[in-house]
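All residue numbers refer to positions in the sequence shown, counting from 1.
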Amino acid sequence: MDDRLLLIIAGSIAGICSGLAAVALRLALESVTEWLHPFRQFWWAFLLPAMGALLSTIYLEKITREGAGHGVPEVIYAVSKHGGLLRLRSSYSRLISSFLTIGSGGSAGPEAPVVMSGSAIGSNIAKLLRLNDRQRTTLVGCGTAGAIAGIFNAPLAGLVFSIEVVLGKWEFSNIIPIAIAAVAGAEVSRAIIHEQVLFNHLPFNMGTADILPGICLALFAGLISVFFTKTLNTSGKFAKKNRFSFWMRAIIGGSFVGCIGLFFPVVLGEGYHFIQSMISGTFTMGIFLTFVAVFAKIFATAITLGWGGSGGIFAPCLLIGSLTGIVFHKIVFLLFDNAACASEGAYALLGMTGLISGVMQAPLTGIFLVLEITGGYETILPLIVVSAISSTMSHYIEPASFYFKELIRRGQFLRPGTDARILSDLNISELVSTEFTNVSEHMIFREFIEIIKTSDQFFFPVIDENTGAYKGMIEIRNIRRYVLNPGIYDMVFLNQIMDTGVLTASLENDLQDVLEMMETNNMESIPVVEHDTFIGMISKTRILDLYRRELIMQTSVR
C-alpha cells in the first residue's frame, strides 16, 4: 500500500480510538464529580483528594509501575529519543490514574493523560503494522491530535498542539494524517456528547479601547505563567527531596489540596463550570478573593502533580488564565470606572490564551484552543496579540517551557531532524570497526615491521599476551623515527614505544560524549575498550557515513 494512504488510514484509526478514550474519561469524570458533589459540604471532604491521590499513586507505582505526573514530557521524550515507541499499557494507565486524581478533587486536567493514551494508541498501531520510526512518530502525532480534539472538541487545536509541542516539526507528510486524525477524534466526541463548543457565551464586543489593556494583560499573564511554571517545578523537586514514602506524599499533598478546596472550591478538579461562569459573566467572586484564587489554584495544581497525583496542566491553565483575566478587568474598572473595555468574559478569554501560550510557550496552540472551545472568533485579533506577547515574555524569562524544562535538564530533549537526534539513533556498537590485528607488548620491533608490510591498519592495539588485556596503542605516524632506523629493530620492544595515554571509549558511552572527546583531543579515531578488553576502533569517517545514511532515512519521503 502507498505510504501516505497507509498513514492516513492508520492515523484515522488512531484518531477514532483516541477520541473514544478522551470521551470516556470526560464522561467518567463528569459522573464521579456529580456523584461526589453532595459530600463536598462536609468538613471531612478535604480527605477526598487525598484518597484519590493515594489510589492513583498506588495504581501507578505498584500495578503499572509508572511514575506519577502528567505524561506529555514522556511522549515528547519517546518521540525525541525512541522514535515514538510507547508501551501498550500507557494507553489506559494514565486514564485510570487521572480519573482517580481529578474525580476526587485533585487540581489537574484530563488533557495530558488522554494525550499519553492517544500517543500510546498511535504508537502501538504502528508497532502492529511494523512501521518504521518515522511512520510511528507520525502515528503518535495522530493519537495526540485525536485525543486533544476529542477532549475539547477542537480539531485545529489538536493538530497544532501535536505538531507544535509534541513533534516540534512541520512536515507536509505529517500534516495530512494528523489533521484527519484530529477530525476523526472531534467527530467521535460530537457524535457522543452532541456539543458544538465546550464553553458557551454571548458574542463579545472588543474594540480599540481594549488594545492597551490587552497588552498589559498579556504582560501580566506572562508573569503569572512564569510563576506557575516555577511553582510546578519547585513543588516536584521539594516532594522528591523529602523522606516521606510515595503513598504518604500523596496523602499529605491530597489533604492540603482538599483543605484549600474547603475555602476555594474553584481549585478542585478541572474547574470547567467555573470557567463557564467566568466567560458568561456570571462569576460573582470579588476582586480580592479572585486574586487569591489565582494563587490558590497555582499552589493546588503544583501540589497535586508534584506530590503523587496524575493529570495535566491544560485545564489549570485555562482556569488560572480566566481568573487572571477577571482580576485584571476588575482592576482596570477599579482604577478607571468609565473605561470602555469589553466585558469580563472577553478578558477571561484573553487570560486563558495568555496562560496557555505562556506556560507551554506554544502561541498557536493557545490561540486555536481558546477559539475552538469558546467559539469566540470575534476576539481573534486580541487573542493573537496576547498570545504573542505572553509567550515571548515567558520565553525571555524562562527559556524552556514547562514540558521541555525537565527533559532539557536531563539532556533528553532531542528534536527530530536535529544532529543530536540523529546521533542519538546511532548505536556505539554499530560504529565500532572490529577487524584489527592485535600485537603483543613483548614483541620486538622487527617482527612488528613484518606485520606492517602486509597490513593497511594505521592503529595497532597492544595487548598482554597472557591475559589479553589492553595495554596501549601504536599509531603508525608516531613511530616513523623507529621505522627509518633499522639498527634498533632488534633492540626495541613494543611496550617501549606504545602510547599508554590514549583516551578510550566504552560501549556504554553516549555517542555525543565520544564525539566531544574526539574533538577536544583532536582525535580522528578512538579505541573502544570494555573491561580491559580491546573491542575495536571508532573513526570520524565511520560516524559521518552512518550519520548520512540515518539522515537520509529519517528525512526521506516515501
Side-chain angles (χ1 to χ4, degrees), residues 69-77 79-80 109 111-112 115 119 141 144-145 148 152 154 156-170 214-215 217-236 298 301-302 305 312-322 324-325 349-373 382-418 420-421:
H70 49 91
V72 174
E74 288 84 345
V75 175
I76 296 172
Y77 173 67
V79 169
S80 299
E111 307 80 19
V115 165
S119 303
T144 298
I148 291 293
F152 285 125
L156 274 176
L159 167 67
V160 172
F161 177 79
S162 175
I163 295 178
E164 189 177 39
V165 177
V166 175
L167 301 187
K169 191 176 181 182
W170 293 83
I215 293 173
L217 173 57
L219 296 174
F220 188 36
L223 290 176
I224 296 293
S225 301
V226 173
F227 181 76
F228 184 35
T229 303
K230 286 184 177 296
T231 306
L232 283 168
N233 290 323
T234 303
S235 175
I298 289 175
T301 305
L305 297 180
I313 61 169
F314 264 79
C317 280
L318 294 175
L319 184 62
I320 295 167
S322 302
T324 302
L349 252 63
L350 297 182
M352 281 195 278
T353 308
L355 256 293
I356 287 280
S357 302
V359 173
M360 299 181 189
Q361 295 185 12
L364 291 179
T365 299
I367 294 168
F368 285 109
L369 180 64
V370 173
L371 282 179
E372 288 190 295
I373 62 176
L383 288 182
I384 292 173
V385 173
V386 169
S387 177
I389 293 175
S390 177
S391 59
T392 303
M393 183 177 181
S394 175
H395 181 72
Y396 181 77
I397 301 174
E398 192 76 24
S401 76
F402 172 69
Y403 289 143
F404 302 153
K405 196 174 182 66
E406 183 66 16
L407 294 177
I408 291 174
R409 189 185 65 78
R410 297 194 306 233
Q412 296 175 338
F413 181 60
L414 306 171
R415 278 301 191 195
T418 61
R421 165 63 198 282

Give the minimum heavy-atom separation between L305 and G312, together with the two atoms involved.
CD1-O, 4.3 Å

For the pair S391 (side chain) and A388 (backbone), establish whether a donor and an acceptor sit closer than 3.5 Å, ignoring hydrogens and angles.
yes

As an exercise, state the distance from CG of L355 to OG1 of T229, rounded to the nearest 0.5 Å.
9.0 Å

Is it the case that the side chain of S162 and the backbone of G158 share a donor-acceptor pair, with hydrogens and angles ignored and the cut-off at 3.5 Å?
no

Is the backbone N or O of I148 less than 3.5 Å from a side-chain atom of E111, with the two atoms forming a donor-acceptor pair by type?
no

T231 (side chain) donor-acceptor with F227 (main chain) under 3.5 angstrom:
yes

L217 side chain near T324 side chain, heavy-atom distance below 4.5 Å
yes

Main-chain N/O of L156 paired with E372 side-chain donor or acceptor, under 3.5 Å:
yes

To the nearest 0.5 Å, what is the distance between CZ on F161 and CZ on F314?
4.0 Å

Please give me the minimum heavy-atom distance between V160 and L364, naming the atom from each residue.
CG1-CB, 3.4 Å

Distance, nearest 0.5 Å, that separates CD1 of I389 from OG of S394
13.5 Å

Drop me the distance from L319's CG to M352's CE, to the nearest 0.5 angstrom.
9.5 Å

Are the side chain of E398 and the backbone of S225 linked by a donor-acceptor contact shorter than 3.5 Å?
no

Return the minimal non-hydrogen interatomic distance between C317 and F228, and the atom names on each side.
SG-CE2, 3.8 Å

Any chance you could measure S390, atom OG, to Q361, atom CD, to the nearest 0.5 Å?
9.0 Å

When you compare the side chain of I298 with that of I224, does any pair of heavy atoms fall below 4.5 Å?
yes

What's the separation between atom CD1 in I313 and atom CG in L232, rounded to the nearest 0.5 Å?
6.0 Å

Residue set satisfying side chain to side chain donor-acceptor pair (under 3.5 Å) with T365, at least two apart, ordered chain then number -> E164

Run the side-chain hydrogen bond (donor to acceptor under 3.5 Å, both in side chains) check on S119 and T144 step by step: do they pass?
CA-CA 5 Å; S119 303; T144 298; 2.7 Å; yes

Has the side chain of S357 got a donor or acceptor atom that lies under 3.5 Å from a matching backbone atom of T353?
yes

I would like to know whether I397 and L223 meet side-chain contact (heavy atoms from CB on, under 4.5 Å); could you show each step before the answer?
CA-CA 9 Å; I397 301 174; L223 290 176; 4.0 Å; yes

Trace of the side-chain contact (heavy atoms from CB on, under 4.5 Å) decision for L318 with I373:
CA-CA 11 Å; L318 294 175; I373 62 176; 3.9 Å; yes

Pairing residues for T301 by the side chain to side chain donor-acceptor pair (under 3.5 Å) criterion, not counting sequence neighbours:
S107

